[in-house]
Amino acid sequence: MSVSIHFNNVIKKYDNTTVIPGLSFDIKEGEFFTLLGPSGCGKTTLLRMIAGFNSIEGGEIAFDDRVINKIIPQRRNIGMVFQNYAIFPHLSVANNVAFGLKNRNMANEEIGKRVDKMLDVVQMTKFKKSMPENLSGGQQQRIALARAIVIEPSVLLMDEPLSNLDAKLRVDMREAIKDIQRNVGITTVYVTHDQEEALAVSDRIAVMNEGEIQQIGTPRAIYQRPANTFVANFIGRTNIIERTIVYRDNKYLLVMDEQYEVIIENLKKSFDKQDTKVKLSIRPEEFVINDNKNGMRAIIKGNMFLGMNIHYIVELQNGEQVEVIQESMIEEPLKPGKIIYLGVKQNKINIFDFKSEVNVLKDDLL
Ligand code: ADP
C-alpha cells in the first residue's frame with residue numbers, strides 16, 4: 001500500500017552543523033515528488049532520513065499518520081534505486097529481481113509470478129536469464145528498478161538514478177521511469193540536480209537551497225512562476241535585470257527604457273501604487289525581436305546557430321547585455337551590429353520585489 005509522507009519541522013545535524021534547519025511539507029499518496037537543488041543542498045540527506053539511514057535531530061517524518069523516526073530501515077517497507085545500480089553481478093536478472101522476495105520467505109511459485117510480471121513492467125522479459133555484465137547501463141537500471149518495486153514498497157526512493165547513463169539514454173529512461181511509476185502508482189521521492197530531468201518526470205518538485213525549500217510546485221509553476229530569483233535562476237536560463245514599475249492612469253507600467261513600457265495586469269493585490277524598483281526575470285525565449293519601434297532599442301552583439309534555435313547576445317542602450325533565443329528561420333541570423341527593438345512577452349516574464357526577491361505576480365499557476 002502506497003502512503004502519503006509528512007514532514008513536520010524536520011531537522012538534520014551532522015555533529016554541530018545544521019544542514020536542514022526545519023522542513024515542513026507533505027507528499028501525496030502515489031505522487032512522483034522530486035527534490036531538486038544544487039549539490040550540497042541536502043537532498044540525499046533528506047532521502048536517507050526517509051529511508052532510515054540517517055538519524056533525525058528534530059521534528060517528525062510520518063507515513064500516513066505513523067511517525068517513522070524510530071522505526072529501523074528494514075521495517076519501513078521502502079524500495080531504493082541508486083545511481084550505481086547496486087545489482088548483484090553474480091545473480092541472473094531473474095534472481096536479482098527475486099532477491100527481496102526470497103528474503104521474505106515467499107513460495108517459489110509466487111516469486112516466479114511476481115518476477116515475470118515485474119520484468120514485463122520494465123520491459124526486460126527477454127533478458128530474464130542474462131547476467132548483469134551482459135546488460136547496458138540502462139538495462140541494469142531497469143533491473144534495479146524492478147528489484148526495488150517487486151517487494152511492493154510503500155515508498156520508492158530514487159537518488160540520481162540516471163546520472164551514470166549517457167545523455168540520450170538518460171532521456172529515454174526518464175520516460176521509462178515515469179511510465180513505470182505511473183503504472184505501479186507507488187509514492188516516489190526522486191533526487192536530482194538535473195532540472196530538465198525534474199521537469200520531465202515529476203508531478204511536483206521541491207526546489208531546495210541550503211537545507212530549505214524555496215518553492216514546491218508543478219513543473220509548469222516552478223518554471224513559469226518561480227517563487228523567487230533563486231528558483232528563476234536555478235531552473236532554466238534567465239536574464240535578471242532591474243527596472244521600475246510606475247502607476248499611471250490606473251495602470252501599472254513596467255518601464256523598460258525611455259520609449260518602451262509594458263502594462264502589467266497580474267500583480268498581486270498587495271503591490272504598492274507608488275513607483276517601485278523591481279527585479280525582472282526574462283528568460284531568453286521570452287523576448288521578441290521587432291524591427292518596428294515596439295521594444296527596447298538594442299544592438300546585436302553576437303549570434304550562435306544551434307539548429308532549432310538561434311541564441312543572440314544583445315546589448316541594450318544602457319550597456320546591459322541579455323541572452324535572447326529565437327526559433328531559427330530559413331533566413332540568415334541577424335548579424336552583429338544590427339539595430340533591433342527588443343520586446344517582451346508580458347504574460348511570461350516574472351517580477352520580483354527588489355529587496356526580498358520574492359515574486360510579486362499573482363500565483364495563478366497550479
Ligand atoms: P545533496 O544531496 O543535495 O548534494 P547532501 O545531502 O549530500 O547534499 O549534503 C548536504 C550537506 O551535508 C553538505 O554540506 C554535506 O557536506 C553535508 N554532509 C552530507 N553527509 C554528511 C556526513 N555524513 N557527515 C557530515 N556532513 C555531511
Side-chain angles (χ1 to χ4, degrees), residues 5-27 31-63 68-74 76 78-86 141 144-145 148 153 155-165 167 170 173-174 177 181 187-217 219 222-223 226-236:
I5 310 177
H6 308 277
F7 299 83
N8 184 10
N9 200 21
V10 168
I11 296 172
K12 177 70 208 164
K13 294 180 184 171
Y14 290 114
D15 297 325
N16 290 328
T17 314
T18 302
V19 293
I20 294 179
L23 280 184
S24 298
F25 67 102
D26 299 311
I27 298 176
E31 192 170 33
F32 198 129
F33 191 93
T34 297
L35 303 172
L36 173 68
S39 187
C41 73
K43 306 181 292 293
T44 297
T45 295
L46 191 60
L47 203 71
R48 291 174 59 85
M49 290 164 86
I50 303 171
F53 303 146
N54 272 350
S55 56
I56 303 173
E57 273 64 50
E60 283 175 353
I61 300 180
F63 288 176
I68 55 147
N69 289 35
K70 297 223 161 70
I71 297 177
I72 58 169
Q74 298 84 319
R76 292 190 188 191
I78 274 171
M80 284 201 84
V81 179
F82 304 95
Q83 179 175 341
N84 58 2
Y85 323 135
Q141 202 52 303
L145 192 56
V155 176
L156 178 63
L157 304 178
M158 292 201 257
D159 194 352
E160 305 261 6
L162 304 185
S163 53
N164 274 346
L165 306 179
R170 221 157 49 215
M173 279 298 287
R174 274 180 200 165
I177 284 189
Q181 193 272 349
T187 311
T188 299
V189 189
Y190 190 92
V191 162
T192 182
H193 66 275
D194 179 334
Q195 25 112 359
E196 197 182 281
E197 190 174 300
L199 295 175
V201 298
S202 315
D203 293 323
R204 285 191 306 156
I205 299 171
V207 180
M208 290 178 69
N209 189 35
E210 296 184 352
E212 290 181 354
I213 289 183
Q214 302 292 313
Q215 182 172 6
I216 295 182
I222 297 263
Y223 187 83
N228 55 39
T229 54
F230 175 85
V231 178
N233 265 314
F234 186 73
I235 311 282

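Whatever order the structure lists them in is the order used to number ligands and atoms, beginning at 1. What you see below is based on every heavy atom in this structure, not just the backbone, and it leaves out hydrogens, waters and symmetry mates. Predicted, not measured: the structure shown is a model, and the values here were computed from it.
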Which pairs of donor and acceptor atoms, one on a side chain in residues 44-53, lie under 3.5 Å apart (sequence neighbours left out)?
residue: Thr44; atom: OG1; partner: Asp159; partner atom: OD2; Å: 3.2
residue: Thr45; atom: OG1; partner: Tyr14; partner atom: OH; Å: 3.0

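- For ligand 1, the atoms sitting less than 4.0 Å from at least one non-hydrogen atom of Ser39 are 4 (O), numbered in the order shown with element in parentheses.
- Atom 6 (O) of ligand 1 has Thr45 OG1, 2.5 Å as its closest protein atom, hydrogens excluded (heavy atom only).
- Protein heavy atom nearest atom 12 (O) of ligand 1, with residue, atom name and distance: Val19 CG1, 3.3 Å.
- Ring-plane geometry between Phe25 and Phe7 is classed as parallel, the angle between the planes falling under 30 degrees on a 0 to 90 degree scale with a further cut at 60.
- With no hydrogens or angles considered, no side-chain donor-acceptor pair links Thr192 and Lys43 at under 3.5 Å.
- Counting protein heavy atoms only, atom 19 (C) of ligand 1 is closest to Tyr14 CE1, 3.4 Å.
- In this structure, Glu196 places its CD atom where only 12 or fewer heavy-atom neighbours from other residues, nucleotides or ligands lie under 6.0 Å away.
- Considering backbone and side-chain N/O of Cys41, one or more are found under 3.5 Å from N/O of ligand 1.
- With hydrogens and angles left out, the side-chain atoms of Gln215 and Asn228 include no donor and acceptor closer than 3.5 Å.
- Put simply, atom 9 (O) of ligand 1 has protein non-hydrogen atoms near it, under 4.0 Å away.
- Distance CD/Gln141 to CG/Leu162: 6.5 Å, rounded to 0.5 Å.
- Close approach to Lys43 involves these atoms of ligand 1, each under 4.0 Å from a residue heavy atom: 1 (P), 2 (O), 3 (O), 4 (O), 6 (O), 8 (O).
- Distance from atom 7 (O) of ligand 1 to its nearest protein heavy atom, with residue and atom name: Thr44 CB, 3.9 Å.
- For atom 14 (O) of ligand 1, the closest non-hydrogen atom of the protein is Gly40 O, 3.9 Å.
- A heavy-atom separation below 4.0 Å is found between Gly42 and ligand 1.
- Under a 4.0 angstrom heavy-atom cut-off, Pro38 registers as being in contact with ligand 1.
- Scored by the ring pair (Phe, Tyr, Trp, His ring centres under 6.0 Å) test, Tyr223 finds no partners at all (sequence neighbours excluded).
- Between Phe32 and Tyr190, the ring center distance clears the sub-6.0 Å criterion.
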